[in-house]
Amino acid sequence: MSNEGNALVVVANRLPVDFTVDDAGEISWKRSPGGLVSALEPVMQQADGAWVGWNGSPDLYADPFEADGMTLVPVTLNADEIEQYYEGFSNDTLWPLYHDVIAPPAFHRQWWDAYRRVNRRFAEAAAVQVATGGTVWVHDYQLQLVPSMLRELRPDVRIGFFDHIPFPPYEIFAQLPWRRQVIEGLLGADLIGFQRNGDAANFLRTVRRLTRHSTRGQVIAFEDKTGRAVREVRASAFPISIDSQGFDALARREDVVARAEQIREELGKPDIIMLGVDRLDYTKGIRHRIKAYGELLHDGRLGVEETTLVQVASPSRENVGAYQELRDQVETAVGRINGDYGELGHAAIHYLHHSYPPEEMAALYRASDVVLVTSLRDGMNLVAKEYIAARSDDRGALVLSEFTGAADELNGALLVNPHDIDELKDVIERAARLTPEEQRKRMRRLRRKVMTDDVAKWSRTFLETLEAMPVVPVAPELADGDATEGPSLELVRALDDLAATDGLVLVASDFDGVLAPLVDDPASSRTSPRAARALGRIARRPESQARLALVSGRDLATLAELSRAPLGTLLIGSHGAERGVVTAVGFDRRDVTVTEGQASLLAHITDGLEEIAGRHTGVWVERKPTASVLHTRKSTHDGAAQATEAARALAERLGVGTLEGKDVVEIQVVDTSKGKALDALRTELGAVGVLYLGDDVTDEHAFAVLGSSDVSVKVGGGETIAEYRVPGTTSAALLLEHLGRALEHRSKQRSGGA
Ligand code: G6P
């Protein structure tokens with residue numbers, strides 16, 4: 001990992017490597033085969049990616065390490081956590097609940113506590129790992145609370161979530177005692193991906209039923225506690241796939257083709273080899289498949305000399321009761337069928353309770369005439385896609401359950417309702433009897449789909465959609481007691497549009513009451529740390545993309561001293577009469593426009609104001625190069641009113657105007673305003689879009705010169721012509737932070753990165 005963190009962080013329950021600990025306690029690892037890791041490897045390498053996940057064993061501590069161009073960050077779980085978070089809540093509560101309650105879900109409060117605890121650990125690991133403004137992609141049902149936990153820790157990052165398994169209908173999901181917490185957990189993401197449109201629709205309906213957030217199409221308007229929509233969350237389908245080219249190439253390899261031939265021979269060269277490949281899981285419909293197959297043998301519609309069924313059932317979640325029961329049931333059924341129908345040299349079913357490396361799977365697929373995917377419910381089912389990718393010979397038939405995600409996509413498979421045993425028998429027999437022509441026709445259609453929509457396209461589409469989401473800062477914990485809201489969704493969109501401008505963006509802001517909270521003693525006014533960070537970020541953009549300007553009524557020297565603006569910031573002081581730029585040693589004055597006549601007028605003004613100040617306690621005069629200012633904020637109400645009146649009378653006597661703000665009356669000797677100065681600056685720079693932030697009446701002049709491609713924001717209460725309003729200095733800082741991020745994002749996009 002670089003010092004600044006990783007631009008892309010994947011968070012999944014498991015790391016993409018298997019760990020082993022030898023007798024001496026030495027830990028070693030080897031890459032575990034998996035579609036997800038091969039899909040993400042290229043983007044991970046390009047984006048300096050990290051993968052946060054569990055190493056698969058209890059109490060195994062390991063430091064982050066580099067593997068294949070990415071950083072792997074192991075998360076440690078102890079034995080209790082494995083029991084309660086992984087076997088319990090993930091695989092004995094959520095898994096059955098999300099798979100149509102095929103097995104009864106168990107609800108235990110201790111399991112929920114462990115789930116929350118472990119989710120927080122994953123969120124914290126990701127928060128440490130990810131770079132400023134980076135992207136975190138969280139995977140699957142084991143980690144549904146991570147998005148919101150992470151957002152709390154790192155409001156600056158983009159968060160995507162992908163649910164690999166089905167999302168159930170509301171009526172089933174509603175059984176979960178912690179249903180609201182799970183939904184709120186997921187809604188921490190900007191983008192939530194599902195396998196099928198139906199899953200996304202179930203989720204959106206659940207959001208409408210359980211929360212007050214409204215939805216429009218696939219977009220949820222996420223509301224803060226005050227009921228204001230502050231950001232968008234999108235829920236859409238992104239059907240996952242496999243490394244199709246890779247699998248196709250593997251299955252064409254000479255050794256794999258030879259192994260396929262060998263498998264046929266070892267099985268006694270039957271006419272038809274049928275194949276089932278599954279994790280030994282009750283959702284896969286293995287029992288239904290075996291039942292249908294047994295009945296076909298019983299009915300004499302298939303015979304053991306001509307047909308055999310190979311069932312690969314890889315061990316899975318063996319400490320969970322429902323899986324142990326399933327294993328007993330499957331093995332009993334296989335034993336009975338083999339006993340009833342098998343003959344010497346002709347087993348009815350070859351049952352293999354192992355997992356195999358990809359080479360062997362590819363050979364099995366090539367050797368098989370029919371693959372049976374009969375899941376009762378399945379997020380996608382990648383066995384179906386692997387089989388298709390392996391059949392570059394355009395042969396074979398796929399029996400596919402309607403209840404898989406794959407059924408939505410794979411036109412050309414023989415679809416079936418696995419609960420209907422008679423139909424299942426008919427479809428299996430039909431598949432066994434498909435003519436080579438029919439097989440070819442169907443397989444070609446299937447291959448067109450699978451070879452085009454591969455897993456690289458899936459991850460690219462997801463990440464591009466995520467990058468395109470408007471990302472809004474979440475209201476932070478506040479240090480200065482200011483109002484808490486971040487910018488509204490409309491304002492965020494306007495800022496994103498501004499950042500997307502082709503050409504220079506001028507980011508201009510008043511100082512007091514916008515970047516610095518108002519304080520009693522104007523000399524102690526300072527840019528808030530949060531605003532300073534946001535300004536720093538904008539200042540780091542190339543000068544051709546963004547320029548920063550502070551526009552203030554303060555004189556230039558004071559503005560430079562108090563604001564401590566980043567190097568290169570343009571300064572407009574004294575309402576436009578003074579201009580400068582921040583340098584390493586202070587500031588460079590650009591021009592001061594005071595003639596002799598103006599200087600003598602200014603002397604009269606200053607004397608007059610001093611005289612007024614002398615008559616009222618708490619009233620004082622500030623001298624600026626082109627104006628003098630009467631301050632009344634420390635005076636009594638009546639005193640302030642009288643002093644203000646006297647200053648106005650003085651200005652009238654001298655034939656000049658006044659510029660009045662909050663508890664100040666300024667009398668200038670040059671004809672300028674923040675509006676005139678801003679307009680001149682924009683022209684000089686050739687800025688295409690301008691953001692202006694102001695809190696005072698004098699800022700209205702600046703708002704007035706803005707056009708439709710600009711964004712005007714009033715900070716705090718009071719009448720305004722600005723288009724947007726935020727409540728205080730913290731929200732102003734948040735808004736600048738967002739703009740900084742949006743500008744960075746834009747320039748990354750232009751340079752072809754991200
Ligand atoms: C499904 C889930 C994955 C999970 C896999 C294997 O495909 O969606 O998240 O990793 O099963 O299950 P296991 O419990 O062994 O991780």
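As the structure lists them, so they are numbered: ligands from 1, and atoms in each ligand from 1. The structure presented is a predicted model; accordingly, all values stated were derived computationally and were not measured.
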Which of the atoms of ligand 1 are close to I165, meaning less than 4.0 Å from one of its heavy atoms?
->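 Atoms satisfying the 4.0 Å criterion: 8 (O).
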
Short list, please: which atoms of ligand 1 are under 4.0 Å from a heavy atom of H164?
->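 Every atom of ligand 1 under 4.0 Å from some heavy atom of H164: 8 (O).
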
For the pair K284 and D378, find out whether any cationic side-chain nitrogen is under 4.0 Å from an anionic carboxylate oxygen.
->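 Salt bridge flag = yes for D378 with K284.
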
Charged N to carboxylate O below 4.0 Å: is that the case for R121 and E81?
->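 Looking at R121 and E81, the cut-off is met.
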
Determine, for F222 and R231, whether the Lys NZ or Arg CZ falls below 6.0 Å from the six-membered ring centre while staying within 45 degrees of the axis.
->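 Ring-cation test returns yes.
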
Check the side chains of D199 and Y98 for a donor-acceptor pair under 3.5 angstrom, ignoring hydrogens and angles.
->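 Looking only at side-chain atoms, D199 and Y98 do not form any donor-acceptor pair under 3.5 Å.
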
Touching ligand 1 at all, Q142? Heavy atoms, strictly under 4.0 Å?
->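 Q142 counts as a contact of ligand 1 under the 4.0 Å cut-off.
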
Counting non-hydrogen protein atoms only, what is the nearest one to [atom]? Give residue, atom name and distance.
atom                    : answer
atom 14 (O) of ligand 1 : Y86 OH, 2.6 Å
atom 9 (O) of ligand 1  : D140 OD2, 2.5 Å
atom 11 (O) of ligand 1 : R317 NH2, 3.2 Å
atom 15 (O) of ligand 1 : R14 NH2, 3.2 Å

Please examine the side chains of S148 and E184, heavy atoms only from C-beta on, and report whether any two atoms are closer than 4.5 Å.
->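 When only atoms from C-beta onward are counted, S148 and E184 do not touch, as no gap falls below 4.5 Å.
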
Between N417 (side chain) and H419 (backbone), is there a donor-acceptor pair under 3.5 Å?
->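 Yes.
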
For atom 7 (O) of ligand 1, state whether the nearest protein heavy atom is under 4.0 Å away.
->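 For atom 7 (O) of ligand 1 the answer is no, since every protein heavy atom stays at 4.0 Å or beyond.
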
